[in-house]
**Student:** 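I have a structure here, written as structure tokens, and I will follow up with some questions on it.
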Protein chains: 2
Amino acid sequence: MAKKHPNKLSGDVHGEVARRFIKHDQRYTSQRRLIVTVLSASDRPLMIQQMLKRSSDAKKVLAQSSLYRNLVVLEAVGVVQRIFSTDDVARYELNDDILGHHHHLVCSKCGDIRDVRIPDSIESSLDSTLTKIAKHSGFQLDQHRLDLIGRCSRCV
Amino acid sequence: MAKKHPNKLSGDVHGEVARRFIKHDQRYTSQRRLIVTVLSASDRPLMIQQMLKRSSDAKKVLAQSSLYRNLVVLEAVGVVQRIFSTDDVARYELNDDILGHHHHLVCSKCGDIRDVRIPDSIESSLDSTLTKIAKHSGFQLDQHRLDLIGRCSRCV
DNA sequence: GTTCGTGCAAATACTTTGCACGTAT
DNA sequence: ATACGTGCAAAGTATTTGCACGAAC
């Protein structure tokens, strides 16, 4: 369905993830490994239902409640991040620093999200501007979120 | 509590809103007017509960279900837009083209959002880049969303 | 008088939690 | 042995909807 995401650590995602689990004294269980595998095989953030489907397609058992619970842990450990679209459905993807910094094409009709990258030159001038603005506002900046909102090719 | 938002149409917000209602063959009722008044008096997007409180503070009756329903209409007519924070609570503000284009400081701890503006020069180079990217991806770009994620001054 | 708006209460959708059992250290 | 993970079903929370009544055109 979707081509593999061209990630930063072309290959050893699980190694890096395992390291983060250890650092936080958490266990990298097989279910958590499964979730990471599913996410890293996607070129876009996934909804709960999509993750469940892909897990069962892979003949793995994964209860919805366990998925929710594991996503909380994965987020705390810094492995996945939640993405907000234009609907109320939670979507998750691997952390920016695993996947590589990128942005999203968000379809306001169907809510689907696709990953995109913007040129480093724009990215860095943006960064320095945002840093100044944050400082000026007494805000501690962790990251920025830049999304393109519109219609995906399927929604005209 | 909050200073008035420095909007584009310094003054006649209701006139412009009324025009948009007429264009869409919708009625600009007193409740809808109330919602617009509440939103335009705020310097940040508001949650449902905040809008209800401010309405009742103004001694106005506004049922929660009517608020939700009216927000759907207000959004369809192009008067308000929904803002997505880092939680699941819907927040609304007047449309970008009424308020003037701006961005958000989003607190990942408490979810609160504050409005900020970035320099026109950055904004326009960003715009032209995003336009190219969208075209290249077969995506019909309507708007962009740029948020600064971090901790607000109250959340350290 | 017919169409649209409103309030109330019930329903829905997504997410979280309690509990009993299984797995890892 | 003890602490943590998992599945199931129940509970929560934000939002939506059905219905009867009221207001606007």
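Just so we're on the same page: letters track the sequence lines, and every chain starts at 1.
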**Student:** Which is more 5' along DNA chain C, the nucleotide nearest V73(B) or the one nearest V72(A)? Just name the residue.
**Tutor:** V73(B)
**Student:** In terms of side-chain heavy atoms, does H144(B) have a donor or acceptor partner in H103(A) at a distance below 3.5 Å?
**Tutor:** no
**Student:** Map V89(B) and N70(A) onto DNA chain D by nearest heavy atom, then report which one ends up closer to the 5' terminus.
**Tutor:** N70(A)
**Student:** When the nearest nucleotide of DNA chain D is assigned to D88(B) and to S65(B) on a heavy-atom basis, which residue is associated with the more 5' position?
**Tutor:** D88(B)
**Student:** Hey, any chance I83(B) and V72(B) share a hydrophobic cluster, counting ILVMFWY side chains that come within less than 4.5 Å of each other, even indirectly?
**Tutor:** no
**Student:** Side chains of D147(B) and I149(B): does their closest heavy-atom pair fall under 4.5 Å?
**Tutor:** yes
**Student:** Are F84(B) and F84(A), when compared by the centres of their aromatic rings, separated by less than 6.0 Å?
**Tutor:** no
**Student:** Are H14(B) and T37(B) linked by a side-chain donor-acceptor pair shorter than 3.5 Å?
**Tutor:** yes
**Student:** Do NZ/NE/NH1/NH2 and the carboxylate oxygens of R114(B) and D43(B) come within less than 4.0 Å?
**Tutor:** no
**Student:** Taking 5' to 3' order, which nucleotide of DNA chain D is first and which is last to have an atom within less than 4.0 Å of a heavy atom in chain A?
**Tutor:** dC4(D) to dA9(D)
**Student:** CZ/R33(B) to OH/Y28(B) distance, rounded to the nearest 0.5 angstrom?
**Tutor:** 5.0 Å
**Student:** Whether the H104(B) and E93(B) side chains hold a donor-acceptor pair (N or O, under 3.5 Å, no angle test) is what I'd like checked.
**Tutor:** yes
**Student:** With sugar-phosphate meaning primed atoms plus P, OP1 and OP2, does V61(B) contact a base, only sugar-phosphate, or nothing at under 4.0 Å between heavy atoms?
**Tutor:** sugar-phosphate
**Student:** Figure out the CZ/P separation between F21(B) and dG5(C), and round it to whole Å.
**Tutor:** 9 Å
**Student:** Before accepting this row, confirm whether a basic side-chain N of the pair K109(A)/D142(B) lies closer than 4.0 Å to the acidic partner's carboxylate O.
**Tutor:** no
**Student:** Using atom CG of L71(B) as one end and atom C1' of dT6(C) as the other, report the distance to the nearest whole Å.
**Tutor:** 14 Å
**Student:** Membership question, hydrophobic clusters at under 4.5 Å side-chain separation (ILVMFWY): are Y68(B) and L62(B) in the same one?
**Tutor:** yes
**Student:** When rounded to the nearest 0.5 angstrom, what distance separates CD1 in I48(B) from CG in L67(B)?
**Tutor:** 4.5 Å
**Student:** Give a yes/no on whether any side-chain N or O of Y68(A) is located under 4.0 angstrom from OP1 or OP2 of dT15(C).
**Tutor:** yes
**Student:** Angle between the end axes of the helix from dG1(C)-dC25(D) to dT25(C)-dA1(D), five pairs per end, to the nearest 10 degrees?
**Tutor:** 30°
**Student:** For DNA chain C, what residues of residues 24-34 of chain B have any heavy atom nearer than 4.0 Å?
**Tutor:** Q26(B), R27(B), T29(B), Q31(B), R32(B)
